Every structure is written in C-alpha cells, then in structure tokens.
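To start, the structure itself, in structure tokens.
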Protein chains: 2
Amino acid sequence: ARPRVGYYYTGKTGGQLFQERMLKMRVKDFQSIPVVIPESASVYDAICSMFLEDVGTLFVVNGRSKLIGIVSRKDLLRASMGKQELEALPVSIIMTRMPNVTMCAPDDSMLEVANKLISKQIDGLPVVKKDSNGEYDVIGRLTKTNITKAFVFMGTEEQAK
Amino acid sequence: ARPRVGYYYTGKTGGQLFQERMLKMRVKDFQSIPVVIPESASVYDAICSMFLEDVGTLFVVNGRSKLIGIVSRKDLLRASMGKQELEALPVSIIMTRMPNVTMCAPDDSMLEVANKLISKQIDGLPVVKKDSNGEYDVIGRLTKTNITKAFVFMGTEEQAK
C-alpha cells in the first residue's frame with residue numbers, strides 16, 4: 001500500500017489511542033462529594049440524610065471520622081419493610097461493615113471501578129485514603145452516575161472534534 | 001511530513017473511529033428484562049417486587065399491559081417514611097405518571113440514553129414500542145447499570161486488541 005499525504009498519523013492504532021484515553025480517566029476527575037453519617041444514627045436519620053443530600057449511598061463513620069460501613073438505598077428500603085421502628089433501629093445494625101466494604105482510590109481508573117461496580121453488584125463506593133494507622137478517611141463517592149457521566153464525556157468530547 | 005509504511009491506515013482519525021464505535025452501541029444490545037406491576041398494586045407489593053426481581057425501577061401497566069407510570073427505589077423509600085400503611089397505599093398514587101415518563105427506543109444509541117439519565121437525574125427508563133393506538137408496550141429496561149456495562153465493554157473490547 002502506498003501511503004498518501006493528508007491522513008492522520010500517530011503511529012498508533014485507533015484501538016491503542018482509545019485504550020490510552022480510557023485509562024487516563026481517573027476516579028479523582030469524576031468523583032462526587034461523600035455524604036457521611038455517624039454510627040449512632042438511626043435508620044430513620046439515614047433515610048432523611050439520603051433525601052436531604054439526594055444520594056443513593058451513605059458512608060458510616062466512627063467518632064474519629066474513620067470509615068466503618070456503608071448503606072445503600074436498597075438496604076434502607078429493606079429495613080423499612082420490617083415491623084421495627086425506624087427511629088429506634090441503629091444504622092450500624094443494617095450497614096455493610098468493614099472489611100466487607102468495596103473501596104477505591106483517587107488514582108484508580110474509571111474502568112477498574114466500573115468493573116468493581118458490576119462484579120460486586122453495587123451502586124456506589126467510597127473513595128478513600130489510608131491513614132498511618134491503616135484506617136480509612138472517606139474523601140469521595142463514586143457511583144454508576146459518575147460512570148454514566150464519564151461515558152457521556154467520552155462521547156461528547158470526541159464528537160466535538 | 002513524509003509518510004512511512006508500516007503504520008495503521010484507515011483514512012479516519014482516532015476520534016472519528018471512536019465516535020462511530022460509540023454510536024454503534026444501541027439500547028437493544030444492552031437492555032435488561034423489564035419488570036412490570038399492575039396499577040392495582042400497593043406500595044408494599046411494589047417494594048416486594050423490587051426485592052424479588054432485584055431491580056431499582058418498576059414499570060406500572062394497566063389492564064391491557066400498556067405503560068402508565070414508573071416507580072423508583074427512591075419513590076418507594078420516600079413513601080415508606082410516611083405514616084401511611086404501605087399495604088393500603090396504591091402505587092399509582094406515588095408513581096411518575098405518563099406523559100411525564102422518560103422513555104427510549106431499542107434503536108436509540110447508548111450515548112443518547114446516558115445523556116437523558118444524567119439530564120433528568122433518573123436511574124433507569126423503559127424501552128418501549130408504540131402501538132397503533134399511540135400507547136406504549138414495555139419491551140425492556142435501561143439503567144445506569146447497563147451504561148456501566150457498556151463502559152466496561154468498550155474498555156475491555158479495546159484492550160483485547
């Protein structure tokens with residue numbers, strides 16, 4: 001094949017360019033602000049926080065603001081089906097507790113996190129930083145909404161070119 | 001610039017190739033099975049269906065199986081905070097009713113739907129087919145989970161090359 005001038009040239013295939021672009025999308029570029037509640041909160045408090053802050057996932061922290069658990073809309077809905085008083089039921093009873101919480105770091109790729117969300121069948125996870133004691137500070141929230149925004153970003157970015 | 005042999009050649013830019021690939025991803029290739037409930041169902045019935053079927057969005061249909069509304073996990077959680085008996089509260093009271101339901105068609109692009117999910121701030125929508133009376137049959141369900149799967153699919157497809 002005789003190459004002609006005027007074509008785009010990078011020395012890379014379309015697939016390679018694409019892959020690089022996807023792996024460049026990092027959690028820290030798309031993450032949302034985390035919403036935390038204390039472990040002493042009731043299930044009723046948690047439902048209120050969820051509506052006030054308009055989120056689908058809450059992170060439960062201890063007195064030193066370290067991550068100890070996570071609750072989803074689904075967990076709270078399940079609790080609300082029971083016969084218990086939601087004001088009297090502590091959120092720490094129904095939360096998913098550490099070390100069973102799936103987490104991610106600010107430098108993780110969005111692709112890696114998307115894979116975790118699908119394989120673990122969860123809607124969102126905390127973005128964390130490990131402290132010197134091996135405990136975790138919550139610094140962000142990454143959900144399927146953020147993945148959907150990344151998907152739109154990719155499509156829109158390319159169409160503008 | 002003097003072109004050299006041995007490079008990938010398509011006559012298209014990486015951006016164009018990418019855009020084509022994104023627009024080729026259609027709703028019908030990624031949609032899930034829809035879960036419907038009758039308009040006579042109670043909020044309690046709806047919550048039970050949501051857990052039995054493990055979905056976050058239910059479609060409400062009339063006696064002729066035509067779409068009349070949609071309920072989300074968030075709608076049901078809000079209802080469960082109230083003081084009403086969930087068994088006595090009809091789902092048709094709290095659902096989002098037609099024509100305010102955002103819908104999509106099997107041939108819509110995933111990018112278009114992702115845009116709708118973000119701009120309307122919803123988690124999922126029905127995939128519909130219009131009948132000869134201008135009413136809608138529900139033939140699928142498209143959620144942020146499906147968008148996340150499409151995101152993973154794109155990344156994984158390209159990395160395999």
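Bear in mind the structure is a predicted one, so any value in this text is a computation, not a measurement. In the text below, chain A, chain B and the rest are named by the order of the sequence lines, each starting its count at 1.
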Can you tell me which portion of [X] sits under 4.5 Å from chain A's heavy atoms? Options are side chain, backbone, both or neither.
{"X": "B/Met110", "value": "both"}
{"X": "B/Phe51", "value": "side chain"}
{"X": "B/Ile118", "value": "side chain"}

Mind ranking [options] by heavy-atom pairs under 4.5 Å with chain B and telling me who comes out on top?
{"options": "A/Thr143, A/Leu117, A/Asp54", "answer": "A/Asp54"}
{"options": "A/Asp123, A/Leu76, A/Thr145", "answer": "A/Thr145"}
{"options": "A/Ser80, A/Cys48, A/Ala114, A/Ser109", "answer": "A/Ala114"}
{"options": "A/Ile147, A/Leu77, A/Asn115", "answer": "A/Leu77"}

### Task
Applying side-chain hydrogen bond (donor to acceptor under 3.5 Å, both in side chains) between A/Asp137 and each of A/Lys129, A/Arg64, A/Lys66, report the one that passes.
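It is A/Lys66; the other options fail the test.
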### Query
Does the side chain of A/Asn146 come under 3.5 Å of the side chain of A/Ser32 through a donor N or O and an acceptor N or O?
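Result is yes, a qualifying pair exists.
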### Task
Over 60° means perpendicular and under 30° means parallel, so classify the ring planes of B/Phe30 and B/Phe153, tilted if in between.
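The rings of B/Phe153 and B/Phe30 stand perpendicular, inter-plane angle above 60°.
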### ILVMFWY cluster, B/Leu86 and B/Val60 together (side-chain gap under 4.5 Å)
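Yes: a chain of side-chain contacts under 4.5 Å links B/Leu86 to B/Val60.
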### Query
Are the side chain of B/Lys116 and the backbone N or O of B/Gln121 linked by a donor-acceptor pair below 3.5 Å?
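Flag not set: sc B/Lys116 to bb B/Gln121 has no pair under 3.5 Å.
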### Task
Kindly give the heavy-atom pair with the smallest separation between B/Ile70 and B/Gly124, and that separation in Å.
CD1-O, 3.9 Å
